[in-house]
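Only heavy atoms go into these numbers, but all of them, side chains included; no hydrogens, no water, no symmetry mates. Remember, it's a predicted structure, so these values are computed and weren't measured experimentally.
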Amino acid sequence: MGNCKYCGKPAGFLRSKHDECEKQYLQRQQAIEDGKRQMLDEVLGALKSTDNFDDLEKTISAIEQSSSVPPTERKAILINGWEKSVDQSLENGITDLAEEKRLLAFIKRFALAPEDLNKNGALIKLTKAAVLRDVLNGIVPHMHTMENPPVNFQKGEQFVWAFRNSKYLEEKVRREYVGGSQGLSVRVMKGIYYRAGAFKGHAVEHEERVVVDTGCVIVTDKNLYFAGPRKSVRIPYAKIVSFERFSDGIGFTRDTATAKPEILVTGDGWFTYNLVVNLAKL
């Protein structure tokens with residue numbers, strides 16, 4: 001005779017549960033799920049309207065008691081709601097100051113750790129949006145510093161952002177000969193041969209992008225840097241004639257007669273392009 005998996009009492013021959021016990025269990029689970037959804041809705045609503053979350057704290061506690069949502073679920077719901085709010089505020093790419101203030105106040109009120117908020121990249125998205133907002137308003141952001149930078153900044157130059165583990169690519173021209181023929185080899189004199197009908201063919205050039213180095217891309221208010229073990233370069237914005245957008249980086253062409261496109265693969269092409277192009281306009 002088996003025991004009920006819900007209450008632990010005998011359930012009958014070849015049975016593992018009481019129907020009534022299972023019904024009650026499913027009702028409790030449904031109540032918990034409904035409570036979690038209600039808590040998430042309350043979090044989203046509060047983040048749209050206020051930067052004082054004392055009332056939200058009371059509402060969440062009441063929902064936990066009425067729906068039996070375990071207290072251990074609270075943190076995950078708060079983070080989920082915060083992430084969704086960040087995504088909603090970034091529909092146009094940047095946040096306004098009021099939205100950012102609410103999002104930051106929420107972090108402080110519920111003591112949420114940066115590593116938890118950034119598991120899905122939401123915190124870094126918010127930070128990037130704030131940087132872009134400043135640049136678009138003609139302000140050089142001062143929210144970041146870089147310890148032990150791998151390059152020497154110029155006097156008065158302001159660090160803005162760094163992309164680590166980035167690739168530096170250059171466009172190279174590869175030349176090869178096609179259509180050659182060996183022909184008939186005829187000995188003319190010692191060590192000299194004439195190949196009747198022989199020709200080398202014609203040269204064909206192919207442009208290809210070659211990874212030159214992997215290192216750190218550094219963006220400042222005056223220059224674009226790349227620093228790697230084999231390649232280090234400073235490119236003033238004034239020396240760049242055009243930029244090109246890529247999904248994972250940015251391309252640029254310098255103001256020289258023989259310039260070829262160069263590409264920096266940063267992993268976030270949208271942010272890199274908008275940041276650098278607008279800094280170049282300041």
Side-chain angles (χ1 to χ4, degrees), residues 90 93-94 118 120-136 138-176 203-282:
L90 292 178
I94 59 174
N118 209 36
N120 297 312
L123 184 58
I124 195 68
K125 287 180 186 177
L126 182 65
T127 306
K128 288 178 176 179
V131 168
L132 281 181
R133 186 185 63 240
D134 283 349
V135 174
L136 289 172
I139 302 170
V140 178
H142 292 274
M143 57 196 311
H144 282 81
T145 58
M146 187 176 190
E147 296 183 1
N148 301 318
V151 298
N152 291 322
F153 294 133
Q154 295 178 325
K155 185 177 181 180
E157 189 173 12
Q158 176 63 45
F159 168 79
V160 177
W161 200 269
F163 301 91
R164 302 187 184 277
N165 298 318
S166 299
K167 289 181 172 57
Y168 181 97
L169 281 67
E170 289 181 343
E171 282 200 356
K172 302 285 187 180
V173 176
R174 181 169 60 87
R175 181 180 289 107
E176 63 179 353
V204 176
E205 294 183 345
H206 301 279
E207 287 189 352
E208 58 183 10
R209 291 169 181 163
V210 178
V211 177
V212 177
D213 203 357
T214 299
C216 184
V217 172
I218 301 171
V219 180
T220 75
D221 60 333
K222 293 182 173 63
N223 300 291
L224 189 60
Y225 292 86
F226 178 84
R230 297 185 300 275
K231 178 85 172 183
S232 292
V233 62
R234 174 194 290 126
I235 310 107
Y237 297 133
K239 297 296 184 180
I240 298 176
V241 294
S242 65
F243 294 98
E244 187 174 359
R245 290 168 290 181
F246 294 99
S247 62
D248 57 355
I250 186 171
F252 59 92
T253 303
R254 303 195 212 192
D255 186 13
T256 62
T258 59
K260 293 185 179 297
E262 300 165 75
I263 299 170
L264 298 172
V265 181
T266 62
D268 188 344
W270 183 88
F271 174 66
T272 308
Y273 179 84
N274 284 284
L275 177 64
V276 171
V277 167
N278 284 288
L279 280 170
K281 297 176 182 178
L282 295 182

(Q) Would Asp134 and Val140 count as a side-chain contact (heavy atoms from CB on, under 4.5 Å) here? Give the steps. (A) CA-CA 6 Å; Asp134 283 349; Val140 178; over 6 Å; no
Q | Thr266 OG1 to Arg164 CZ distance, which is reported to the nearest 0.5 Å | A | 14.0 Å
Q) With side chains defined as the heavy atoms from C-beta onward, is the minimum distance between Ser166 and Val265 less than 4.5 Å? A) no
**Q.** Least distance between heavy atoms, Ala259 atom then Thr256 atom
**A.** CB-OG1, 3.0 Å
Q. Between Phe159 and Phe153, what is the ring plane arrangement, given parallel below 30°, perpendicular above 60°, and tilted in between?
A. tilted
Q.
Restricting to non-hydrogen atoms, name the atom on Cys216 and the atom on Met146 that form the minimum distance, rounded to 0.1 Å.
A. SG-CE, 3.9 Å
Q: Determine which pairs satisfy side-chain hydrogen bond (donor to acceptor under 3.5 Å, both in side chains) with at least one residue from residues 212-221, sequence neighbours left out, and list them in order.
A: Glu157-Thr220, Asp213-Arg230
Q | Heavy-atom side-chain contact between Trp161 and Thr127 under 4.5 Å | A | yes
Q: Find the distance between CG (Leu169) and CZ (Phe246) and round it off to the nearest 0.5 Å.
A: 9.0 Å
Q: Could you give me the CA-CA distance, side-chain angles and deciding distance for Leu132 and Trp270, then say whether side-chain contact (heavy atoms from CB on, under 4.5 Å) is met?
A: CA-CA 11 Å; Leu132 281 181; Trp270 183 88; 3.4 Å; yes
Q) Between Tyr237 and Asn223, is there a donor-acceptor pair closer than 3.5 Å when you use the side chain of the first and the backbone of the second? A) yes
Q: Considering non-hydrogen atoms only, spot the tightest contact between Val151 and Ala227 and give its length.
A: CG1-CB, 3.7 Å
**Q.** Steps toward side-chain contact (heavy atoms from CB on, under 4.5 Å) verdict (Leu264, Phe163)
**A.** CA-CA 10 Å; Leu264 298 172; Phe163 301 91; over 6 Å; no
Q | For Gly228 against Ser232, the heavy-atom pair lying closest together | A | O-OG, 3.5 Å
Q: Return yes if some donor-acceptor pair links the side-chain N/O of Arg234 with the main-chain N/O of Asn152 below 3.5 Å, else return no.
A: yes
(Q) I need the Leu136 CG to Asn274 CG distance, nearest 0.5 Å. (A) 7.5 Å
(Q) Regarding Glu170 and Lys231, does a basic nitrogen lie under 4.0 Å from an acidic carboxylate oxygen? (A) yes
**Q.** Among Val160, Val219, Val135, the one residue meeting side-chain contact (heavy atoms from CB on, under 4.5 Å) with Val276
**A.** Val219
(Q) Parallel, tilted or perpendicular, judged at 30° and 60°: which one describes the rings of Tyr168 and Phe226? (A) tilted
Q.
Does any part of the side chain of Arg245, heavy atoms only, come nearer than 4.5 Å to the side chain of Phe243, both counted from C-beta?
A. no
Q. What's the spacing between Leu224 CG and Ile235 CD1 if we round to 0.5 Å?
A. 5.0 Å
(Q) One pair to check against side-chain contact (heavy atoms from CB on, under 4.5 Å): Asp268 and Lys128. What are the steps and the verdict? (A) CA-CA 11 Å; Asp268 188 344; Lys128 288 178 176 179; 2.6 Å; yes
**Q.** Gap separating the NZ atom of Lys260 from the OG1 atom of Thr253, nearest 0.5 angstrom
**A.** 10.5 Å
